[in-house]
There are 2 protein chains.
Amino acid sequence: MPREHNELDEKIRERNVRLIIKAGIEIFSRKGYDGTRIAEIAEASGLPKANVYYYFSSKEQIYTAIIGHLLDGWDNALKYITADREPAEAFRLYIRAKLDYTRKNIAETRLFASEIIQGARFLTKKDRQHIRDVTDKHVAVIEGWIAEGKILPVDPRHLFIMLWASTQFYAEFEPIAADGLKKTRLTVGDYEMAAKTIAETVLRGVLPHE
Amino acid sequence: MPREHNELDEKIRERNVRLIIKAGIEIFSRKGYDGTRIAEIAEASGLPKANVYYYFSSKEQIYTAIIGHLLDGWDNALKYITADREPAEAFRLYIRAKLDYTRKNIAETRLFASEIIQGARFLTKKDRQHIRDVTDKHVAVIEGWIAEGKILPVDPRHLFIMLWASTQFYAEFEPIAADGLKKTRLTVGDYEMAAKTIAETVLRGVLPHE
DNA sequence: TAGTAAGTTGACACTTTGGTCAGGTTTTGT
DNA sequence: ACAAAACCTGACCAAAGTGTCAACTTACTA
């Protein structure tokens, strides 16, 4: 008789899938899609290769599962720009949240960067549409602020890209960022200083007021 | 008798090496080091694989040749921050030059990003030292401006990272940048708008003066 | 124009890779 | 205890990968 879906089944499956995904994130982020070998993922996850194939039917399936998992984790960090906050507060919260997310999810952040650099081959139309939708919503908020005179007129989409780029950089280019800061590794303090500098610069600029 | 080094030898060798490097930049930038197959480079350069091995003895040798070639091309875009310019002018020139360089050398820019994300395995100590030295020089200039009161106190290293990140983004993440701007491809105009927005934001910020 | 170096290449050797499979063991509901 | 489902895995395969080589052509020098 077919067995029912039950607790322990889920536990074994969940545990192994989690191990594979975790190892996959690490290795795909370092080697890219084409550069990653399933045997490496198997080794890193502590499972034999054939067992990896028991849970995932192909390399692509592991990869797309990770991409999906990654995009899910993002909406959280991006929710701070809402019309009911004051711009200064909203920007500060956004910058801090995004840096916090990238710091705690360095491999995922790199994996996403890797995927884009390699031509966004596995981002679905739906994924991209979702990213566009979120951007549009934030752009609308910024346009509202400009209309109310709460911030100076500025292209909201380029402004957004600027924030995105600045916050991603520390995770993606950690060795370069560390070199630039004359450190060997980045600490939480470095991320805090980054948040402060980005927020200050974007809010008031570097030129003294005349 | 051994033949002298002459014009035509150089021409054949130079031409083929150039074709291989060019194809290599394109493919390494898209697939990363591990993901790139020599046969692909051979095909893209129009040479048979064995001929590629006639000029380069290994995949690694092609890759490191490209990295070296790439770093050479950089110092140009980075020379605009000098103490004898006014900060506003210097930042504007730097941002414009860097964006211009990345727009015209998209594949190289991506290749560098790819190399860093993949752990900077082929950047030599010398390469990294050079990057550090250039950064230090610019940091010193910015610190000078702060001391003179020409710009507000700000962490010069994080400010630098911000500029670096913002200008790199359009080349590295072209599909995402295009999505964010509601375009299908980025045009020269988009790069100009980016330069304007980045410069304005960094110089005067987005908040109105009280 | 003969001789030598440079350039070219199809075919080959060897290794690694993604993916399969047959047959095993463990877990679980009844 | 038993059967059925879920799980596990060593061994295997075809395809694709890197790098080699001997034999060939082309280019140049004296």
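Quick note: numbers below take in every heavy atom, side chains included, and nothing from hydrogens, waters or symmetry partners. Naming convention: chains lettered A, B, ... in sequence-line order (proteins, then strands); numbering from 1 in each chain.
- Remark: B/Arg30 does not engage A/Asp34 in a salt bridge, criterion side-chain N to carboxylate O under 4.0 Å.
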Nucleotide N/O of nucleotides 19-23 of chain C paired with protein N/O under 3.5 Å:
{"from": "C/dG19", "atom 1": "OP2", "to": "A/Tyr53", "atom 2": "OH", "distance (Å)": "3.0"}
{"from": "C/dG19", "atom 1": "OP2", "to": "A/Lys59", "atom 2": "N", "distance (Å)": "2.9"}
{"from": "C/dG19", "atom 1": "N7", "to": "A/Lys49", "atom 2": "NZ", "distance (Å)": "3.0"}
{"from": "C/dG19", "atom 1": "O6", "to": "A/Lys49", "atom 2": "NZ", "distance (Å)": "2.4"}

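- Using the six-membered ring where Trp is involved, A/Phe112 and B/Phe173 have ring planes that are perpendicular, over 60° apart on the 30 and 60° scheme.
- Note: A/Tyr63 and A/Tyr33 have perpendicular aromatic rings, judged against thresholds of 30 and 60 degrees for the angle between ring planes.
- Distance, B/Glu14 CD to C/dA6 C1': 15 Å, rounded to whole Å.
- The CZ-C1' distance, from B/Phe56 to D/dT18, rounds to 16 Å in whole Å.
- Here the rule is ring pair (Phe, Tyr, Trp, His ring centres under 6.0 Å) with B/Trp164, and of B/Trp74, B/Tyr101, B/Tyr94, B/Phe169 only B/Trp74 fits it.
- Atom CD1 of B/Ile41 and atom C1' of D/dG17 are 13 Å apart (whole Å).
- In this structure, CZ of B/Arg37 is placed 13 Å from P of C/dT16, rounded to the nearest angstrom.
- In terms of phosphate contacts, A/Arg13 brings a side-chain nitrogen or oxygen within less than 4.0 Å of OP1 or OP2 of D/dC7.
- B/Arg15 places its CZ atom 13 Å from the C1' atom of C/dA6, with the value rounded to the nearest Å.
- To the nearest 0.5 Å, the span separating CD on B/Glu200 from CG on A/Leu159 amounts to 11.0 Å.
- With rounding to the nearest 0.5 angstrom, the CD atom of B/Glu143 is 9.0 Å from the CG atom of B/Asp136.
- For the pair B/Asn51 CG and C/dA11 C1', the computed distance is 15 Å after rounding to whole Å.
- In terms of heavy atoms, B/Ala199 sits closest to B/Arg92 at CB-CG, 3.8 Å.
- A/Tyr55 has no side-chain polar atom (N or O) that falls below the 4.0 Å cut-off from OP1 or OP2 of D/dA6.
- By the 4.0 Å N-to-carboxylate-O rule, A/Asp155 lies too far from B/Lys196 to be salt-bridged with it.
- Atom CD1 in B/Ile27 sits roughly 11 Å away from atom P in D/dT18 (whole-Å rounding).
- Put simply, A/Asn16 has a side-chain N or O that comes within less than 4.0 Å of OP1 or OP2 on D/dC8.
- Remark: of the listed residues B/Glu172, B/Arg103, B/Lys104, B/Glu172 is the sole one forming a side-chain contact (heavy atoms from CB on, under 4.5 Å) with B/Thr109.
- Of the candidate nucleotides C/dT9, C/dT8, D/dC8, C/dT8 has the atom nearest to the side chain of B/Ile12.
- Residue A/Tyr54 places no side-chain N or O under 4.0 Å from the OP1 or OP2 atom of D/dC8.
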Show the distances under 3.5 angstrom between N or O atoms of the protein and N or O atoms of nucleotides 23-25 of chain D.
none

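- Whole-Å rounding puts the B/Glu43 CD to C/dT9 C1' distance at 16 Å.
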